[in-house]
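On a predicted model such as this, the values are computed, not experimentally measured, just so you know. Order of listing sets the numbers, starting from 1, for every ligand and every atom in it.
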Amino acid sequence: MPEPTHRFLRACLRLPTDRTPIWIMRQAGRYLPEYMATRKQAGDFLSLCKNPELATQVTMQPIDRFGLDAAILFSDILVVPEAMGMGLSFGTGEGPLLEPVINSASDLEKLHDPDPESELEYVMKTIRSIRRALDGRVPLIGFSGSPWTLATYMIEGGSSKTFSRIKGMMYDRPELLQALLDRLVAAVTNYLNAQIRHGVQAVQIFDTWGGVLGHDEFLRFSLESMRRIVAGLERIGPDGAKVPVILFAKGCGSHLEAMADSGCDVVGLDWTTDLARARVRVQGRVALQGNMDPAVLSASPERIRREAERVLTAYGPHPGHVFNLGHGITPDCTPDKVAGLVAAVQNFTFGSHAP
Ligand code: 1CP
């Protein structure tokens with residue numbers, strides 16, 4: 001199989017690179033004035049997701065502005081529950097709303113097993129359109145939510161602080177929760193395979209809420225579903241290239257070894273995990289992505305540069321590091337801070353900043 005040339009794909013596969021690649025979770029979004037303008041043109045956030053031309057525009061905005069090393073499909077994890085038949089809306093300034101919530105076997109029966117080529121066709125169109133716009137500049141990352149994270153929204157009806165409904169179900173009716181997770185494993189596997197067929201060159205599974213679980217519950221109700229998805233993915237793209245799989249589970253650094261054994265190529269870490277020790281803990285089984293605290297972007301340019309260099313130095317001059325924040329960029333961030341961060345990472349060399 002030919003080796004990839006893009007430094008992001010090379011780092012995912014633990015091949016040597018000229019420098020550490022960088023992309024940023026939520027790199028397209030509300031902190032960019034050009035995003036706000038395109039969203040206004042679309043009308044609202046969901047209409048933007050469903051408009052391939054405008055979704056391509058917002059995917060390209062941070063690539064054009066900052067010269068990042070990878071692009072990420074502009075969409076949302078919640079389009080999958082919507083394609084399964086749930087009503088989805090995003091109130092202005094609030095979190096998402098999904099209804100009616102899943103609370104019984106009969107609610108589950110009403111869910112549909114989506115065909116990504118029809119119900120999520122707009123995502124496939126967007127992928128093809130972004131690949132044309134990128135024209136080989138940098139690779140395109142596709143994504144999905146993990147079954148556990150999607151289930152939190154489907155059972156809670158939106159964002160939650162306590163996760164009481166889904167946890168109540170997990171402890172009292174684990175078979176019902178498992179039945180929903182099984183449906184989501186199939187839906188997400190089909191969805192990601194369709195994304196790969198239509199041209200994404202890597203995929204990331206977001207387990208944003210895995211960190212609310214205890215160790216045993218994380219292994220059983222979150223990681224196991226992700227492991228089954230990874231096992232079911234077509235890891236070779238239509239162009240014959242390997243498609244790396246990134247598993248990002250927020251607040252899950254203590255389960256790192258188990259995640260490294262899931263079959264994925266890269267584990268994404270948040271800022272609570274010691275990156276230097278994490279590299280030793282995974283023993284070369286996977287590459288690591290992360291892990292600067294997004295809040296550093298509210299500090300001074302000098303401090304941002306120092307923190308970026310601290311992260312790069314913590315991983316050290318070894319293959320297999322993708323620089324990222326430990327979670328998504330926040331809307332109050334300003335574009336000049338991001339430009340400073342990207343420059344700090346792209347100008348860094350281990351020769352002059354030996355660990
Ligand atoms: O008002 C707006 O313009 C909407 C804000 C917004 C954006 C820009 C939402 C609403 N989603 C997105 C895009 C998005 N979401 C992307 C693509 C953009 C990029 O990364 O550049 C991706 C990968 C996501 C994934 C996503 N959506 C996750 C997992 C990643 C994470 O941040 O942990 C989750 C949990 C969601 C759900 C979601 N979407 C939007 C909101 C407000 C929420 C709820 C978050 C919560 O419950 O706290």
Side-chain angles (χ1 to χ4, degrees), residues 22-51 54-66 68 70-82 86 88-98 123 126-127 130 138 140-163 166 188 191-192 195 200 202-212 246-252 268-270 289-290 294 324-333 335 338:
I22 171 173
W23 72 279
I24 301 175
M25 287 189 273
R26 292 275 174 107
Q27 62 193 25
R30 288 167 286 179
Y31 74 104
L32 287 177
E34 57 268 39
Y35 169 83
M36 295 311 286
T38 312
R39 193 182 76 175
K40 197 168 167 201
Q41 200 184 330
D44 58 55
F45 170 67
L46 257 188
S47 309
L48 175 55
C49 292
K50 292 181 180 179
N51 182 320
L54 297 182
T56 301
Q57 247 181 49
V58 292
T59 301
M60 295 302 293
Q61 286 165 352
I63 306 302
D64 291 336
R65 197 194 253 262
F66 306 117
L68 293 152
I72 178 159
L73 163 69
F74 190 84
S75 184
D76 196 83
I77 61 168
L78 299 177
V79 299
V80 170
E82 187 190 41
M86 294 187 78
L88 171 64
S89 58
F90 288 87
T92 35
E94 301 150 44
L97 288 176
L98 276 169
V123 178
T126 303
I127 290 169
I130 298 169
V138 292
L140 175 61
I141 306 169
F143 70 90
S144 171
S146 72
W148 166 260
T149 288
L150 292 174
T152 66
Y153 290 97
M154 296 168 81
I155 292 169
E156 302 285 339
S159 305
S160 175
K161 284 199 168 69
T162 56
F163 300 91
I166 190 167
V188 170
Y191 182 46
L192 289 177
Q195 291 188 26
V200 305
V203 295
Q204 174 156 319
I205 302 173
F206 286 92
D207 191 20
T208 304
W209 302 118
V212 304
I246 309 166
L247 210 149
F248 169 74
K250 185 164 178 281
C252 292
L269 295 170
D270 70 25
Q289 176 175 280
N324 206 317
L325 300 179
H327 197 203
I329 200 164
T330 52
D332 57 344
C333 176
V338 177

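Judged by distance alone, the side chain of Thr38 and the main-chain N or O of Leu54 form no donor-acceptor pair under 3.5 Å.
Under the side-chain hydrogen bond (donor to acceptor under 3.5 Å, both in side chains) criterion, Glu34 pairs with Arg65, sequence neighbours left out. Annotation: salt bridge (charged side-chain N to carboxylate O under 4.0 Å, His left out) contacts of Asp64 (sequence neighbours excluded): Arg137.
Protein residues having a heavy atom under 4.0 Å from any atom of ligand 1 are Arg26, Gln27, Ala28, Arg30, Tyr35, Arg39, Phe45, Ile72, Leu73, Phe74, Ser75, Asp76, Ile77, Phe90, Pro96, Phe143, Tyr153, Ser159, Phe206, Thr208, Trp209, His327, listed by chain and number.
Separation of atoms CZ (Phe45) and CZ (Arg39) is listed at 9.0 Å; rounding is to 0.5 Å.
Applying the salt bridge (Lys or Arg N to Asp or Glu O under 4.0 Å) test to residues at least two apart or on different chains, the pairs with a partner in residues 40-51 are Lys50-Glu82.
Within the 6.0 Å centre-distance limit, the rings of Phe74 and Tyr35 are counted as a close aromatic pair.
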